[in-house]
There are 2 protein chains.
Amino acid sequence: MARRSIEEIRRQELVEACLAVVAEEGHDAATTQRIAARAETSAGIVHHYFGDKASLLQAAMRSVRTPVADAYRDRLTAGGIADGSGRAALSACIDAHLDPSILTVRRAAAWLQFTSRVAYVPDYARIHAAIRCRQIAALRRSLRGMSADPGAAPAVALRLAIAIDGFWAECATREGGLMPGEARAAIDAILSDSVL
Amino acid sequence: MARRSIEEIRRQELVEACLAVVAEEGHDAATTQRIAARAETSAGIVHHYFGDKASLLQAAMRSVRTPVADAYRDRLTAGGIADGSGRAALSACIDAHLDPSILTVRRAAAWLQFTSRVAYVPDYARIHAAIRCRQIAALRRSLRGMSADPGAAPAVALRLAIAIDGFWAECATREGGLMPGEARAAIDAILSDSVL
DNA sequence: AATAATAAATTGAACGATCAATCAATAAAT
DNA sequence: ATTTATTGATTGATCGTTCAATTTATTATT
(Lines give C-alpha, C1' and ligand atoms only; values in the text may rest on other atoms or scores of the structure.)
Protein backbone atom coordinates (compact mmCIF):
# COMPACT_ATOMS: atom_id res chain seq x y z
CA MET A 1 0.00 0.00 0.00
CA ALA A 2 2.93 2.28 0.71
CA ARG A 3 4.27 1.43 -2.72
CA ARG A 4 0.99 2.31 -4.36
CA SER A 5 0.82 5.52 -2.38
CA ILE A 6 4.23 6.75 -3.47
CA GLU A 7 3.49 5.87 -7.04
CA GLU A 8 0.25 7.83 -7.01
CA ILE A 9 1.93 10.81 -5.41
CA ARG A 10 4.79 10.86 -7.89
CA ARG A 11 2.49 10.47 -10.87
CA GLN A 12 0.32 13.33 -9.74
CA GLU A 13 3.33 15.53 -9.02
CA LEU A 14 4.66 14.85 -12.49
CA VAL A 15 1.30 15.55 -14.12
CA GLU A 16 1.02 18.86 -12.30
CA ALA A 17 4.59 19.82 -13.14
CA CYS A 18 3.99 18.85 -16.76
CA LEU A 19 0.85 20.94 -16.90
CA ALA A 20 2.62 23.94 -15.36
CA VAL A 21 5.43 23.79 -17.91
CA VAL A 22 3.04 23.30 -20.85
CA ALA A 23 0.87 26.22 -19.75
CA GLU A 24 3.62 28.65 -18.79
CA GLU A 25 6.34 27.85 -21.31
CA GLY A 26 4.49 25.99 -24.04
CA HIS A 27 4.32 22.40 -25.21
CA ASP A 28 7.58 22.76 -27.10
CA ALA A 29 9.43 23.60 -23.89
CA ALA A 30 8.05 20.59 -22.05
CA THR A 31 11.19 18.47 -22.04
CA THR A 32 11.62 15.66 -19.54
CA GLN A 33 14.40 17.61 -17.85
CA ARG A 34 12.28 20.72 -17.50
CA ILE A 35 9.26 18.81 -16.20
CA ALA A 36 11.43 16.88 -13.75
CA ALA A 37 13.03 20.10 -12.53
CA ARG A 38 9.59 21.61 -11.95
CA ALA A 39 8.61 18.52 -9.96
CA GLU A 40 11.92 18.76 -8.07
CA THR A 41 13.10 15.35 -9.16
CA SER A 42 15.31 13.87 -11.87
CA ALA A 43 14.59 13.23 -15.53
CA GLY A 44 14.78 9.45 -15.26
CA ILE A 45 11.80 9.39 -12.91
CA VAL A 46 9.49 10.30 -15.76
CA HIS A 47 10.31 7.08 -17.56
CA HIS A 48 10.14 5.09 -14.35
CA TYR A 49 6.52 6.06 -13.72
CA PHE A 50 5.19 6.80 -17.19
CA GLY A 51 7.38 4.80 -19.55
CA ASP A 52 7.88 7.69 -21.91
CA LYS A 53 7.25 11.40 -22.19
CA ALA A 54 4.23 11.01 -24.46
CA SER A 55 2.31 9.05 -21.82
CA LEU A 56 2.89 11.76 -19.23
CA LEU A 57 1.73 14.42 -21.66
CA GLN A 58 -1.42 12.45 -22.40
CA ALA A 59 -2.16 12.06 -18.71
CA ALA A 60 -1.67 15.80 -18.32
CA MET A 61 -4.00 16.54 -21.22
CA ARG A 62 -6.71 14.31 -19.75
CA SER A 63 -6.42 16.06 -16.41
CA VAL A 64 -7.08 19.51 -17.90
CA ARG A 65 -10.77 18.93 -18.50
CA THR A 66 -11.67 16.82 -15.50
CA PRO A 67 -12.57 19.91 -13.41
CA VAL A 68 -15.15 20.79 -16.06
CA ALA A 69 -16.77 17.36 -15.92
CA ASP A 70 -16.64 17.40 -12.12
CA ALA A 71 -18.24 20.83 -11.92
CA TYR A 72 -20.98 19.80 -14.34
CA ARG A 73 -21.81 16.69 -12.32
CA ASP A 74 -21.77 18.65 -9.06
CA ARG A 75 -24.14 21.27 -10.42
CA LEU A 76 -26.53 18.64 -11.73
CA THR A 77 -26.74 16.86 -8.39
CA ALA A 78 -26.88 20.14 -6.44
CA GLY A 79 -29.81 21.24 -8.59
CA GLY A 80 -31.54 17.88 -8.34
CA ILE A 81 -31.44 17.45 -12.10
CA ALA A 82 -31.51 13.71 -12.67
CA ASP A 83 -31.99 13.35 -16.42
CA GLY A 84 -29.70 16.24 -17.39
CA SER A 85 -32.27 17.89 -19.63
CA GLY A 86 -33.86 21.30 -19.55
CA ARG A 87 -32.73 24.86 -19.17
CA ALA A 88 -31.12 24.33 -15.77
CA ALA A 89 -29.01 21.48 -17.11
CA LEU A 90 -27.95 23.59 -20.06
CA SER A 91 -26.95 26.39 -17.74
CA ALA A 92 -25.04 23.93 -15.56
CA CYS A 93 -23.10 22.66 -18.55
CA ILE A 94 -22.25 26.11 -19.87
CA ASP A 95 -21.31 27.41 -16.44
CA ALA A 96 -19.10 24.40 -15.85
CA HIS A 97 -17.14 25.43 -18.93
CA LEU A 98 -17.02 29.18 -18.32
CA ASP A 99 -16.96 29.74 -14.55
CA PRO A 100 -13.85 31.79 -13.66
CA SER A 101 -12.85 29.19 -11.09
CA ILE A 102 -12.60 26.61 -13.88
CA LEU A 103 -11.74 28.60 -16.99
CA THR A 104 -8.40 29.92 -15.76
CA VAL A 105 -5.65 31.30 -17.95
CA ARG A 106 -3.38 28.40 -17.04
CA ARG A 107 -5.95 25.73 -17.83
CA ALA A 108 -6.98 27.40 -21.07
CA ALA A 109 -3.36 27.81 -22.12
CA ALA A 110 -2.56 24.16 -21.46
CA TRP A 111 -5.71 23.04 -23.27
CA LEU A 112 -4.85 25.13 -26.30
CA GLN A 113 -1.37 23.62 -26.41
CA PHE A 114 -2.81 20.12 -26.60
CA THR A 115 -5.78 20.77 -28.90
CA SER A 116 -3.68 22.70 -31.40
CA ARG A 117 -1.71 19.48 -31.94
CA VAL A 118 -4.73 17.23 -32.39
CA ALA A 119 -4.25 17.04 -36.15
CA TYR A 120 -0.70 15.78 -35.80
CA VAL A 121 -0.68 13.65 -32.64
CA PRO A 122 -3.17 10.75 -32.91
CA ASP A 123 -3.13 10.20 -29.16
CA TYR A 124 -4.22 13.80 -28.60
CA ALA A 125 -6.93 13.37 -31.23
CA ARG A 126 -8.34 10.36 -29.36
CA ILE A 127 -8.48 12.23 -26.05
CA HIS A 128 -9.91 15.33 -27.66
CA ALA A 129 -12.59 13.39 -29.53
CA ALA A 130 -13.71 11.61 -26.38
CA ILE A 131 -14.01 14.82 -24.39
CA ARG A 132 -15.74 16.71 -27.18
CA CYS A 133 -18.13 13.80 -27.65
CA ARG A 134 -19.19 13.87 -24.01
CA GLN A 135 -19.54 17.65 -24.14
CA ILE A 136 -21.78 17.53 -27.21
CA ALA A 137 -23.85 14.74 -25.67
CA ALA A 138 -24.45 16.80 -22.52
CA LEU A 139 -25.42 19.86 -24.54
CA ARG A 140 -27.80 17.89 -26.75
CA ARG A 141 -29.40 16.19 -23.77
CA SER A 142 -29.99 19.52 -22.09
CA LEU A 143 -31.46 21.00 -25.28
CA ARG A 144 -33.98 18.18 -25.55
CA GLY A 145 -37.47 19.60 -25.47
CA MET A 146 -36.49 23.23 -25.22
CA SER A 147 -35.48 24.02 -28.78
CA ALA A 148 -37.91 25.69 -31.12
CA ASP A 149 -36.91 23.23 -33.81
CA PRO A 150 -35.96 19.87 -32.25
CA GLY A 151 -34.05 18.89 -35.38
CA ALA A 152 -31.76 21.85 -34.89
CA ALA A 153 -30.54 20.69 -31.48
CA PRO A 154 -27.40 18.94 -32.78
CA ALA A 155 -26.39 22.01 -34.79
CA VAL A 156 -27.03 24.31 -31.83
CA ALA A 157 -25.03 22.05 -29.52
CA LEU A 158 -22.10 22.06 -31.93
CA ARG A 159 -22.32 25.83 -32.30
CA LEU A 160 -22.20 26.22 -28.52
CA ALA A 161 -19.21 23.90 -28.21
CA ILE A 162 -17.30 25.82 -30.87
CA ALA A 163 -18.10 29.17 -29.26
CA ILE A 164 -17.01 27.83 -25.87
CA ASP A 165 -13.74 26.65 -27.41
CA GLY A 166 -13.29 30.09 -28.90
CA PHE A 167 -13.51 31.70 -25.49
CA TRP A 168 -11.15 29.14 -24.01
CA ALA A 169 -8.61 30.03 -26.70
CA GLU A 170 -9.17 33.74 -26.12
CA CYS A 171 -8.68 33.24 -22.39
CA ALA A 172 -5.35 31.54 -23.08
CA THR A 173 -3.94 34.55 -24.91
CA ARG A 174 -5.10 37.24 -22.49
CA GLU A 175 -2.93 37.82 -19.43
CA GLY A 176 -5.78 38.64 -17.09
CA GLY A 177 -8.16 36.07 -18.47
CA LEU A 178 -11.76 36.79 -19.49
CA MET A 179 -13.92 39.41 -17.84
CA PRO A 180 -16.74 37.94 -15.72
CA GLY A 181 -19.75 37.22 -17.89
CA GLU A 182 -17.92 38.19 -21.06
CA ALA A 183 -18.28 34.74 -22.59
CA ARG A 184 -21.74 34.18 -21.21
CA ALA A 185 -23.14 37.16 -23.17
CA ALA A 186 -22.07 35.69 -26.50
CA ILE A 187 -23.27 32.22 -25.59
CA ASP A 188 -26.65 33.57 -24.51
CA ALA A 189 -26.91 35.39 -27.82
CA ILE A 190 -26.45 32.14 -29.71
CA LEU A 191 -28.98 30.50 -27.42
CA SER A 192 -31.64 33.18 -27.56
CA ASP A 193 -31.60 32.87 -31.32
CA SER A 194 -32.49 29.19 -31.39
CA VAL A 195 -34.00 28.24 -28.05
CA LEU A 196 -37.42 28.99 -26.64
CA MET B 1 16.68 43.23 -61.66
CA ALA B 2 17.25 39.58 -62.43
CA ARG B 3 18.91 39.21 -59.07
CA ARG B 4 15.99 40.80 -57.30
CA SER B 5 13.58 38.61 -59.23
CA ILE B 6 15.28 35.38 -58.17
CA GLU B 7 15.32 36.53 -54.58
CA GLU B 8 11.60 37.26 -54.61
CA ILE B 9 10.84 33.92 -56.24
CA ARG B 10 12.93 31.96 -53.74
CA ARG B 11 11.47 33.78 -50.76
CA GLN B 12 7.94 33.09 -51.91
CA GLU B 13 8.72 29.45 -52.65
CA LEU B 14 10.15 29.07 -49.15
CA VAL B 15 7.18 30.78 -47.52
CA GLU B 16 4.77 28.50 -49.35
CA ALA B 17 6.77 25.39 -48.50
CA CYS B 18 6.96 26.51 -44.88
CA LEU B 19 3.22 27.06 -44.75
CA ALA B 20 2.56 23.66 -46.29
CA VAL B 21 4.73 21.88 -43.74
CA VAL B 22 3.28 23.84 -40.80
CA ALA B 23 -0.29 23.12 -41.90
CA GLU B 24 0.14 19.47 -42.87
CA GLU B 25 2.69 18.26 -40.34
CA GLY B 26 2.54 20.87 -37.60
CA HIS B 27 4.81 23.66 -36.43
CA ASP B 28 7.00 21.22 -34.54
CA ALA B 29 7.81 19.35 -37.76
CA ALA B 30 8.80 22.52 -39.59
CA THR B 31 12.57 22.00 -39.59
CA THR B 32 14.77 23.79 -42.08
CA GLN B 33 15.54 20.48 -43.76
CA ARG B 34 11.88 19.59 -44.15
CA ILE B 35 10.92 23.04 -45.44
CA ALA B 36 13.82 23.02 -47.88
CA ALA B 37 12.87 19.55 -49.11
CA ARG B 38 9.32 20.73 -49.69
CA ALA B 39 10.65 23.67 -51.70
CA GLU B 40 12.96 21.28 -53.57
CA THR B 41 16.10 23.03 -52.46
CA SER B 42 18.73 22.66 -49.74
CA ALA B 43 18.60 23.64 -46.09
CA GLY B 44 21.28 26.31 -46.38
CA ILE B 45 19.10 28.34 -48.72
CA VAL B 46 16.76 29.21 -45.86
CA HIS B 47 19.54 31.07 -44.08
CA HIS B 48 20.75 32.65 -47.31
CA TYR B 49 17.40 34.35 -47.93
CA PHE B 50 15.92 34.70 -44.45
CA GLY B 51 18.87 34.71 -42.09
CA ASP B 52 17.32 32.23 -39.73
CA LYS B 53 14.35 29.88 -39.45
CA ALA B 54 12.38 32.20 -37.18
CA SER B 55 12.24 34.94 -39.82
CA LEU B 56 10.89 32.53 -42.40
CA LEU B 57 8.23 31.33 -39.98
CA GLN B 58 7.21 34.90 -39.23
CA ALA B 59 6.91 35.69 -42.93
CA ALA B 60 4.79 32.57 -43.33
CA MET B 61 2.55 33.58 -40.42
CA ARG B 62 2.02 37.04 -41.90
CA SER B 63 1.07 35.54 -45.25
CA VAL B 64 -1.73 33.41 -43.77
CA ARG B 65 -4.11 36.31 -43.18
CA THR B 66 -3.35 38.47 -46.18
CA PRO B 67 -6.07 36.77 -48.28
CA VAL B 68 -8.61 37.82 -45.64
CA ALA B 69 -7.54 41.45 -45.78
CA ASP B 70 -7.46 41.34 -49.57
CA ALA B 71 -10.94 39.84 -49.78
CA TYR B 72 -12.30 42.43 -47.37
CA ARG B 73 -10.86 45.31 -49.39
CA ASP B 74 -12.11 43.82 -52.65
CA ARG B 75 -15.63 43.43 -51.31
CA LEU B 76 -15.67 46.98 -50.01
CA THR B 77 -14.64 48.45 -53.35
CA ALA B 78 -16.91 46.09 -55.29
CA GLY B 79 -19.83 47.21 -53.16
CA GLY B 80 -18.89 50.86 -53.43
CA ILE B 81 -18.56 51.14 -49.66
CA ALA B 82 -16.12 53.96 -49.08
CA ASP B 83 -16.26 54.57 -45.34
CA GLY B 84 -16.48 50.89 -44.36
CA SER B 85 -19.50 51.37 -42.12
CA GLY B 86 -22.96 49.87 -42.21
CA ARG B 87 -24.48 46.45 -42.59
CA ALA B 88 -22.92 45.78 -46.00
CA ALA B 89 -19.44 46.50 -44.63
CA LEU B 90 -20.07 44.24 -41.66
CA SER B 91 -21.17 41.48 -44.00
CA ALA B 92 -18.11 42.03 -46.17
CA CYS B 93 -15.81 41.70 -43.16
CA ILE B 94 -17.47 38.56 -41.84
CA ASP B 95 -17.62 36.95 -45.27
CA ALA B 96 -13.97 37.74 -45.86
CA HIS B 97 -13.20 35.68 -42.77
CA LEU B 98 -15.61 32.79 -43.39
CA ASP B 99 -15.92 32.32 -47.15
CA PRO B 100 -14.95 28.74 -48.05
CA SER B 101 -12.45 30.01 -50.60
CA ILE B 102 -10.57 31.78 -47.81
CA LEU B 103 -11.27 29.73 -44.70
CA THR B 104 -9.65 26.51 -45.93
CA VAL B 105 -8.50 23.67 -43.71
CA ARG B 106 -4.90 24.32 -44.63
CA ARG B 107 -5.04 28.02 -43.83
CA ALA B 108 -6.92 27.45 -40.59
CA ALA B 109 -4.49 24.74 -39.54
CA ALA B 110 -1.46 26.94 -40.20
CA TRP B 111 -3.07 29.88 -38.40
CA LEU B 112 -3.83 27.73 -35.36
CA GLN B 113 -0.23 26.54 -35.25
CA PHE B 114 1.03 30.11 -35.06
CA THR B 115 -1.62 31.62 -32.77
CA SER B 116 -1.35 28.78 -30.26
CA ARG B 117 2.27 29.86 -29.71
CA VAL B 118 1.50 33.56 -29.26
CA ALA B 119 1.98 33.39 -25.49
CA TYR B 120 5.48 31.94 -25.85
CA VAL B 121 6.92 33.53 -29.00
CA PRO B 122 6.98 37.34 -28.73
CA ASP B 123 7.39 37.72 -32.48
CA TYR B 124 4.19 35.76 -33.05
CA ALA B 125 2.44 37.91 -30.43
CA ARG B 126 3.40 41.09 -32.31
CA ILE B 127 2.07 39.79 -35.61
CA HIS B 128 -1.09 38.43 -34.01
CA ALA B 129 -1.80 41.66 -32.15
CA ALA B 130 -1.43 43.73 -35.30
CA ILE B 131 -3.79 41.53 -37.29
CA ARG B 132 -6.36 41.25 -34.50
CA CYS B 133 -6.22 45.02 -34.04
CA ARG B 134 -7.04 45.68 -37.69
CA GLN B 135 -9.81 43.08 -37.56
CA ILE B 136 -11.43 44.67 -34.50
CA ALA B 137 -11.11 48.12 -36.04
CA ALA B 138 -12.92 46.98 -39.19
CA LEU B 139 -15.70 45.35 -37.19
CA ARG B 140 -16.17 48.41 -34.97
CA ARG B 141 -16.24 50.74 -37.95
CA SER B 142 -18.89 48.64 -39.65
CA LEU B 143 -20.99 48.51 -36.47
CA ARG B 144 -21.00 52.28 -36.19
CA GLY B 145 -24.56 53.56 -36.32
CA MET B 146 -26.22 50.18 -36.56
CA SER B 147 -26.00 48.93 -33.00
CA ALA B 148 -28.95 49.27 -30.67
CA ASP B 149 -26.57 50.47 -27.98
CA PRO B 150 -23.62 52.35 -29.54
CA GLY B 151 -21.56 51.83 -26.39
CA ALA B 152 -21.82 48.09 -26.86
CA ALA B 153 -20.11 48.13 -30.26
CA PRO B 154 -16.60 47.35 -28.94
CA ALA B 155 -17.89 44.41 -26.94
CA VAL B 156 -19.89 43.11 -29.90
CA ALA B 157 -16.89 43.45 -32.21
CA LEU B 158 -14.72 41.51 -29.79
CA ARG B 159 -17.39 38.84 -29.42
CA LEU B 160 -17.55 38.44 -33.19
CA ALA B 161 -13.78 38.20 -33.49
CA ILE B 162 -13.62 35.50 -30.83
CA ALA B 163 -16.45 33.53 -32.44
CA ILE B 164 -14.73 33.80 -35.83
CA ASP B 165 -11.51 32.52 -34.27
CA GLY B 166 -13.46 29.65 -32.78
CA PHE B 167 -14.69 28.58 -36.20
CA TRP B 168 -11.21 28.92 -37.67
CA ALA B 169 -9.91 26.58 -34.98
CA GLU B 170 -12.80 24.18 -35.57
CA CYS B 171 -12.09 24.23 -39.30
CA ALA B 172 -8.48 23.28 -38.60
CA THR B 173 -9.44 20.11 -36.76
CA ARG B 174 -12.08 18.86 -39.20
CA GLU B 175 -10.81 17.00 -42.26
CA GLY B 176 -13.48 18.28 -44.62
CA GLY B 177 -13.58 21.78 -43.24
CA LEU B 178 -16.74 23.63 -42.22
CA MET B 179 -20.07 23.11 -43.89
CA PRO B 180 -21.19 26.08 -46.00
CA GLY B 181 -22.99 28.61 -43.84
CA GLU B 182 -22.27 26.66 -40.67
CA ALA B 183 -20.24 29.48 -39.13
CA ARG B 184 -22.46 32.21 -40.52
CA ALA B 185 -25.46 30.90 -38.58
CA ALA B 186 -23.72 31.28 -35.23
CA ILE B 187 -22.31 34.68 -36.14
CA ASP B 188 -25.72 35.92 -37.23
CA ALA B 189 -27.17 34.73 -33.93
CA ILE B 190 -24.65 36.86 -32.04
CA LEU B 191 -25.46 39.76 -34.32
CA SER B 192 -29.24 39.53 -34.21
CA ASP B 193 -29.02 39.73 -30.45
CA SER B 194 -27.23 43.08 -30.39
CA VAL B 195 -27.72 44.80 -33.73
CA LEU B 196 -30.76 46.51 -35.13
C1' DA C 1 30.97 38.02 -80.19
C1' DA C 2 33.94 35.53 -77.46
C1' DT C 3 36.31 35.34 -73.36
C1' DA C 4 37.87 36.60 -68.95
C1' DA C 5 36.49 38.44 -64.42
C1' DT C 6 33.30 39.17 -61.01
C1' DA C 7 29.30 38.37 -58.42
C1' DA C 8 25.44 35.68 -56.95
C1' DA C 9 23.22 31.29 -55.99
C1' DT C 10 23.48 26.85 -54.17
C1' DT C 11 25.18 22.89 -51.98
C1' DG C 12 26.55 19.59 -48.47
C1' DA C 13 29.62 18.62 -44.86
C1' DA C 14 30.72 19.95 -40.22
C1' DC C 15 29.88 21.85 -35.41
C1' DG C 16 27.92 22.43 -31.10
C1' DA C 17 23.78 22.00 -28.63
C1' DT C 18 19.75 19.56 -27.10
C1' DC C 19 16.67 15.96 -26.92
C1' DA C 20 14.33 11.22 -25.31
C1' DA C 21 15.51 7.12 -23.70
C1' DT C 22 18.50 3.54 -21.53
C1' DC C 23 20.89 1.58 -17.87
C1' DA C 24 24.03 0.47 -14.30
C1' DA C 25 24.72 2.07 -9.73
C1' DT C 26 23.16 3.87 -5.37
C1' DA C 27 19.89 4.91 -1.67
C1' DA C 28 15.73 3.95 0.86
C1' DA C 29 12.18 1.21 2.42
C1' DT C 30 10.13 -2.98 3.57
C1' DA D 1 17.58 -9.49 2.33
C1' DT D 2 14.77 -8.11 -1.11
C1' DT D 3 12.18 -5.00 -3.37
C1' DT D 4 11.40 -0.27 -4.69
C1' DA D 5 12.84 4.48 -5.62
C1' DT D 6 16.07 7.49 -7.49
C1' DT D 7 19.96 9.31 -9.76
C1' DG D 8 23.10 10.84 -13.36
C1' DA D 9 26.04 9.51 -16.99
C1' DT D 10 25.70 7.76 -21.64
C1' DT D 11 23.94 6.88 -26.26
C1' DG D 12 22.24 7.85 -30.66
C1' DA D 13 19.50 10.91 -33.20
C1' DT D 14 18.17 15.45 -34.70
C1' DC D 15 18.24 20.19 -34.63
C1' DG D 16 19.78 25.24 -36.32
C1' DT D 17 23.50 27.35 -38.01
C1' DT D 18 28.02 28.19 -40.23
C1' DC D 19 31.10 27.94 -43.92
C1' DA D 20 34.17 26.61 -47.56
C1' DA D 21 33.58 24.80 -52.07
C1' DT D 22 31.06 24.57 -56.34
C1' DT D 23 27.98 25.88 -59.86
C1' DT D 24 25.53 29.35 -62.32
C1' DA D 25 24.68 33.94 -63.87
C1' DT D 26 26.12 38.60 -64.93
C1' DT D 27 29.35 42.12 -66.33
C1' DA D 28 33.55 43.91 -68.46
C1' DT D 29 37.11 43.64 -71.80
C1' DT D 30 39.16 42.49 -75.88
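Because the structure is predicted, anything quoted here is derived from the model rather than measured. Throughout, protein chains are lettered first and strands after them, A, B, ... in sequence-line order, and every chain is numbered starting at 1. Any value given below was found using the heavy atoms of this structure, including those in side chains, with hydrogens, waters and symmetry copies removed.
Residue contacts shown for A/F50 are absent, as no nucleic acid heavy atom lies under 4.0 Å away. The residue B/T31 sits close only to the backbone: its heavy atoms come under 4.0 Å of sugar-phosphate atoms, none of a base.
For the side chain to side chain donor-acceptor pair (under 3.5 Å) with A/Y124, the lone residue among A/Q58, A/Q113, A/H27 that qualifies is A/H27.
At whole-Å resolution of the value, CG in A/D28 and P in D/dG16 are 12 Å apart. If you take CD of A/E8 and P of D/dT4, they are 16 Å apart, rounded to a whole angstrom. Here D/dT17 presents its C1' atom at 18 Å from OH of B/Y49, a figure rounded to the nearest Å. Atoms NE2 (B/H48) and P (D/dG16) sit 19 Å apart, rounded to a whole Å. The distance from atom CZ of A/R11 to atom P of D/dT6 is 13 Å, rounded to the nearest whole Å. Atom NE2 of B/H47 is separated from atom P of D/dT17 by 4 Å (rounded to the nearest Å). Between the CZ atom of A/R10 and the C1' atom of C/dA28 there is a distance of 12 Å, given to the nearest Å. Rounded to whole Å, atom P of D/dT6 lies 6 Å from atom CD1 of A/I6.
Interatomic distance, B/L178 CG to B/F167 CZ, rounded to the nearest 0.5 Å: 6.5 Å.
Under the 30°/60° scheme for interplanar angles, the aromatic rings of B/H128 and B/W111 are found to be tilted.
In this structure, A/Q33 and A/S42 both approach DNA chain D, and ranking their closest nucleotides by distance from the 5' end singles out A/S42.
Taking the side chain of B/K53 as heavy atoms from C-beta on, and the options D/dG16, D/dT6, C/dT10, the nearest nucleotide is D/dG16. Closest to the side chain of B/T32, out of D/dG16, C/dT22, D/dT7, is D/dG16.
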For the pair A/R141 and A/D83, evaluate side-chain contact (heavy atoms from CB on, under 4.5 Å) and give the outcome as yes or no after the intermediate values. CA-CA 8 Å; A/R141 191 165 43 237; A/D83 63 348; over 6 Å; no
Show your working on salt bridge (Lys or Arg N to Asp or Glu O under 4.0 Å) between B/R132 and A/E170 and close with a plain yes or no. CA-CA 12 Å; B/R132 166 61 76 94; A/E170 176 70 15; 3.3 Å; yes
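Distances shown here put every side-chain N or O of B/T41 at or beyond 4.0 Å from the OP1 or OP2 atom of C/dT10.
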